[in-house]
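Notes to accompany the following structure.
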Amino acid sequence: MDILEDSYGATLRSLRTGRVDLHLAELPVDEPDIVVGPTVCTAARALAVPAGHPLASRDTVSLEDLALAPLIRPADVPQVFLDAHFPQHTPGGRPVPAGPVARSWQDFLTLVGAGKGVTPTCALAAAFYTRQDVVHVPFRDAPPVHYALLRSTRRADAKIHAFTRIVIGLAAAG
C-alpha cells in the first residue's frame, strides 16, 4: 500500500500499521482503535460539479440541489461518514440519485469532470484542485466541514502529544 493513497480506508490502515503517526481528516470518524483529537479547523462546504452543468453557473447551491444530479460517493467508508456527507435524501425528502463510486480524490475529480455526477467537498478544494472541467459552487445551507487529527490508540508518546498541542495552538492563533 502506498501511504500517499488518499482513500478513507488507506488512511486508517496507515494509522493502524504505524506507517503514519497522525493524520488530519474530515470528521466524523468513529473507529474503536482511532483517537479523534479536537477540531483543528473548519471549512465551508461546496459542491464539485462538471463545468457544463447548470449548477456550475450559480453563485451558490442548496442541499436540495443534490436531487438534481447523480452523487458520486466514496468507496471504503463507514456508514456514519456517508450519512454525514453523502445523503440519500435531501433535507426536504427528495431522493438523491446515486452516481458512481470513487476510490480516491483524483477519481472524484475525474468522474465529476467527465460529467458522471457531482460530489460534496470543502470550499478550499477549489484553490488546491483547479481543473477546467470542474467547478466548486459553495453551499448556502450546509454545515461546515470539521477536520481533526487522528492517531491510533497504540500511539500516544510525548512527541505525538507535543505535535498535536502545537497544531491546535497554531490553528487557534489563526
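Side chains included, hydrogens not; waters and symmetry mates left out as well; all remaining heavy atoms used. It should be emphasised that the depicted structure is a prediction, and the values quoted were computed from it without experimental measurement. One-based numbering along the sequence shown.
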Co-membership, hydrophobic cluster, residues [X] and [Y], 4.5 Å side-chain:
X      : Y      : answer
Val36  : Val145 : no
Val101 : Val49  : no
Val96  : Val80  : no
Ile166 : Ile160 : no

Return the [atom1] to [atom2] distance between [X] and [Y], rounded to the nearest 0.5 Å.
X      : Y      : atom1 : atom2 : answer
Asp21  : Ser14  : CG    : OG    : 11.0 Å
Thr110 : Arg131 : OG1   : CZ    : 4.5 Å
Thr90  : Leu68  : OG1   : CG    : 9.5 Å
His161 : Arg155 : NE2   : CZ    : 10.5 Å
Cys41  : Leu170 : SG    : CG    : 12.0 Å
Asp76  : Arg13  : CG    : CZ    : 5.5 Å

Mind listing the closest non-hydrogen atom pair of [X] and [Y] along with its distance?
X      : Y     : value
His146 : Thr42 : ND1-CG2, 2.9 Å
Gly115 : Pro50 : CA-CG, 3.7 Å
Thr153 : Pro32 : CG2-O, 3.8 Å
Arg73  : Pro97 : NH1-O, 3.8 Å
Phe139 : Ala46 : CE1-O, 3.4 Å
Val137 : Leu55 : CG2-O, 3.6 Å

Do [X] and [Y] have side chains that get closer than 4.5 Å, going by heavy atoms?
X      : Y      : result
Pro120 : Leu71  : yes
Ser152 : Val20  : no
Arg151 : Thr164 : no
Leu47  : Leu66  : yes
Asp30  : Pro78  : no
Tyr129 : Val134 : no

Q | Side chain His85, main chain Leu27, donor-acceptor under 3.5 Å | A | yes
**Q.** Gly92 backbone acceptor or donor facing Glu64 side chain under 3.5 Å
**A.** yes
**Q.** Mutual orientation of the aromatic rings belonging to Phe86 and Phe108 [parallel < 30°, tilted 30-60°, perpendicular > 60°]
**A.** parallel
Q. Crowded around Asp33 CG? As in, over 12 foreign heavy atoms under 6.0 Å?
A. yes
Q | CD (Gln79) with more than 12 external heavy atoms under 6.0 Å | A | yes
(Q) I'd like to know if Lys159 and Asp157 make a salt bridge, using a cut-off of under 4.0 Å between side-chain N and carboxylate O. (A) no
Q: Only one of Leu150, Val167, Val40, Thr11 passes side-chain contact (heavy atoms from CB on, under 4.5 Å) with Leu24; say which it is.
A: Val40
